[in-house]
Amino acid sequence: MNGPSQTLSKTKHLLTATRTQYLSLLKHYASTRSLTKTKQLHAQTITAGHLSSSRLRSSLADAYMHCGYIPHARKLFDELPERSALLYNNLMTMYVNSGLYLHALKAYVEMLQSGFCLPDNYTYPIVIKACSELSLLGLGRVFHGQTVVSMFGSYTYVQNSLLAMYMNCGKKEAAQRVFDAMKERSVVSWNTMISGYFKNGCAKTALMVFNQMVDFGVEIDCATVVSVLPACGYLRELELGRRVHALLEDKGLGKKTAVRNALVDMYAKCNSMAEARLVFDRIDEKDVISWTSMINGYILNDDVRSALMLCRIMQTEGIRPNSVTIASILSACDNLRDGCCLHGWTIRQNLDLEVIVITSLIDMYAKCHRVDLSFGVFTRTSTNRTAPWNAMLSGCIHNGLATEAIGLFKQMLVKGVEPDGATMNSLLPAYAILADLQPSKNIHGYLTRSGFLSGIEVATCVIDIYSKCGSLESAHQIFNAIPIDVKDIFVWSVIVSGYGMHGHGETAVSLFRQMVWSGVKPNEVTFTSVLHACSHAGLVDEGLCLFEFMLKDHKMQPHDDHYTCIVDLLGRAGRLDEAYDLIRTMPFVPSHAVWGALLGACVIHGNVEVGEVAAQHVFELEPENTGNYILLAKLYAAVGRWEDAENVRHMMNDIGLRKAPAHSLIDAVNI
DNA sequence: CTAGGGTTAG
């Protein structure tokens, strides 16, 4: 504390201080970032007449730079007769620390033009960081080239900044090349690669790099831990997460709140709330992130009550929620009453203008089937950010408003909002729902021009759209344009089911075999698609063979969908007894779909005996589905038992189900 | 003097 007498003595001291003393004081103020004291000393030097010394002015500028006081720093800097590389570096660092990356790059240009000095090994990390933050990949590459010719390319600091820059710009291959060429790698190099791979969607690679790092015997630090734990959580690698936990306790890295928070999050994502709670309770200084991680953990594990309770406790402990806390809680809300309550709460917390919160509110209302309220939130915000638009788009899709979604996207383009991958994920299903060829061709053109089509996810969507429109040639063309090693399980599934849904069983099966042959392992969904294709096209032996392949070669547990396909397949072929036998050997209770498939087959082949059994089951499982009654009536009609058909109609009426118009039953019976 | 690092929506 500064008492008045102390201040006085200090002032006295300063007045009599020599220039050297000023300089050493400034150095101290710079390292401790004491702006007030720097300002005081600035005033002193003016009154003491010392400011004529350019050495002192330079130190003063330097102190202001370290304190981040841009106006004075810049003015003093500009007035200096000559500037060293060190001063330029510090100026650029100040700009970078204030988020003024473009200013930093301008300062670099001035440095080159000044003729006083050249960039050094300290300069490059700063300007490369600026490129990284601005995603200026082109300029970043230029700096990369400059470092290589200037020999600073072999400095670990410089290389580390390049790793981060490439990772930030989504160029993980480029980062890996720099990493591979490094002669010496620090712990920072490894950490940058781990977090970089995770940020670029390669969580598995991130874990691989971490394992390599441990194998190499590199000492891990806090940053390693907080880089690797999110990847463990994402991949639900609980065992590895526990090993990292043990390792960090061993090395005494577990004191920082950030590390404990990362642990809470990891355990929560691995569905181990007991361990998450244990870590959480042991955090001495819980911050808003600790609380949010725990709250979000409960939400992820479907314990909304505990999440809300914890949120209450947090507030009684004096910690205010932030936008992330709110977004997390909103994501768990699926009813309008709570939703409106929470909306009010976000307004009271003054957080309703944050982009994440707006996005979450839009999403929440859409989940409550109130797209009108989503739209209310949406229109009341000045939105040129992409996320709220995406939320609005996906909200439309979830509520079946395909045309509205497409209209919204057009508005988005008109207003100059930059669409991204998530935009496409929300938008493209709209075209698949509409299944209208001309608009689909239009969006295909847009996707080609904008470059989105080169992404495998988008290409998969477009294949699906063309399939739904019935344009299998176009679908196949896009499919063929994808290199074989890029084709994943999803794109194969879509093309198989595309051919399947239009009755081209042979092509579907042939594509399925190509997929297996190319080394992509089929999953439950692909088997459903191909079995469905077989039943649709009447390929009985093929279908049974594939079912066998699925059980024996792939050791898969068949789902209800698979049984439905096979029952349908056998049933259509008239092998009703086999179908019935299969149902009786099922390891779980058959669903209405399975019995429904059997009933449908009985109708085709006029088998009343089996049909009645099937009908009994479907009536029990979905009593309100009128289609089932109609099927049974149709069956009776098919074998000429008109009275029974009429009785089924009465049965429907007795249950009070008049949803089906009378004529549909009559039509059905008359076929 | 410089490089990496915790919670979140679509």
Side-chain angles (χ1 to χ4, degrees), chain A residues 30-31 62 65-66 84-94 96-97 120-129 132 152 155-165 167-168 186-196 198-199 220-230 233 253 256-266 268-269 283 287-297 299 321-331 354-364 366 385-395 397-398 419-427:
Chain A
S31 66
D62 195 59
M65 285 175 196
H66 278 90
S84 62
L86 172 65
L87 268 171
Y88 271 108
N89 291 342
N90 288 347
L91 181 73
M92 288 186 279
T93 305
M94 173 186 71
V96 166
N97 288 340
D120 60 15
N121 53 315
Y122 293 104
T123 313
Y124 285 110
I126 306 165
V127 287
I128 291 169
K129 160 112 182 180
S132 172
F152 294 126
Y155 283 63
T156 309
Y157 272 86
V158 174
Q159 289 171 318
N160 285 346
S161 65
L162 285 169
L163 295 181
M165 189 270 292
M167 281 302 193
N168 252 338
S186 67
V187 61
V188 176
S189 324
W190 290 94
N191 295 348
T192 309
M193 293 306 279
I194 294 169
S195 70
F198 182 64
K199 276 187 285 193
I220 62 162
D221 66 7
C222 287
T224 317
V225 173
V226 294
S227 302
V228 77
L229 286 176
L253 298 172
K256 284 195 179 177
T257 303
V259 171
R260 307 238 78 121
N261 292 348
L263 280 170
V264 169
D265 179 60
M266 182 275 294
K269 294 226 165 84
I283 305 175
D287 59 13
V288 64
I289 299 179
S290 319
W291 289 94
T292 305
S293 301
M294 199 62 203
I295 289 167
N296 188 241
I299 289 171
N322 67 13
S323 55
V324 181
T325 322
I326 302 236
S328 184
I329 289 177
L330 281 172
S331 76
E354 299 260 340
V355 176
I356 316 170
V357 175
I358 290 165
T359 307
S360 305
L361 282 169
I362 293 170
D363 189 49
M364 181 273 293
R385 291 280 295 271
T386 308
W389 287 84
N390 291 349
M392 206 54 234
L393 282 172
S394 90
I397 296 297
H398 278 302
D420 60 13
T423 313
M424 297 307 140
N425 286 338
S426 307
L427 170 74

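Only this structure's heavy atoms are used, side chains among them; waters, hydrogens and symmetry mates stay out. Order of the sequence lines sets the chain letters (A, B, ...), proteins ahead of strands, with each chain counted from 1.
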Reckon [X] touches a base, only the sugar-phosphate, or nothing at all at heavy-atom distances under 4.0 Å?
X       : value
A262(A) : nothing
S426(A) : sugar-phosphate
K129(A) : sugar-phosphate
D62(A)  : nothing
S323(A) : nothing
A164(A) : sugar-phosphate
T192(A) : sugar-phosphate
S186(A) : base

[X] has an atom [atom1]; how far is it from atom [atom2] of [N], in whole Å?
X       : N      : atom1 : atom2 : answer
M165(A) : dT2(B) : CE    : P     : 20 Å
D363(A) : dT8(B) : CG    : C1'   : 12 Å
L163(A) : dG5(B) : CG    : P     : 12 Å
L263(A) : dG5(B) : CG    : P     : 18 Å
N390(A) : dT8(B) : CG    : P     : 19 Å

Between [N] and [X], is there an OP1 or OP2 to side-chain N/O distance shorter than 4.0 Å?
X       : N      : result
K269(A) : dT8(B) : yes
K199(A) : dG4(B) : no
N296(A) : dT8(B) : yes

*Nearest-0.5 Å distance, CG of residue N168(A) to NZ of residue K199(A)*: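 The NZ atom of K199(A) is 5.0 Å from CG of N168(A), to the nearest 0.5 Å.
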*Report yes or no: is there a donor-acceptor pair, N or O only, under 3.5 Å between the side chain of D221(A) and the base of dG5(B)?*
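Answer no: no donor N or O sits under 3.5 Å from an acceptor.
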*Side-chain donor or acceptor of N425(A) under 3.5 Å from a matching atom on the base of dG10(B)?*
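No, no donor-acceptor pair under 3.5 Å.
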Donor-acceptor side-chain pairing of [X] and [Y] below 3.5 angstrom:
X       : Y       : result
N390(A) : T423(A) : yes
D363(A) : S360(A) : no
S293(A) : N296(A) : no

*asked:* For a 4.5 angstrom cut-off between non-hydrogen side-chain atoms, does I299(A) reach S331(A)?
replied: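 The answer is yes, as the side chains (C-beta and beyond) meet within the 4.5 Å cut-off.
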*Just wondering, do Y157(A) and dT2(B) stack (centres under 5.5 Å, planes under 30°)?*
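According to the criterion (under 5.5 Å, under 30°), yes, Y157(A) stacks.
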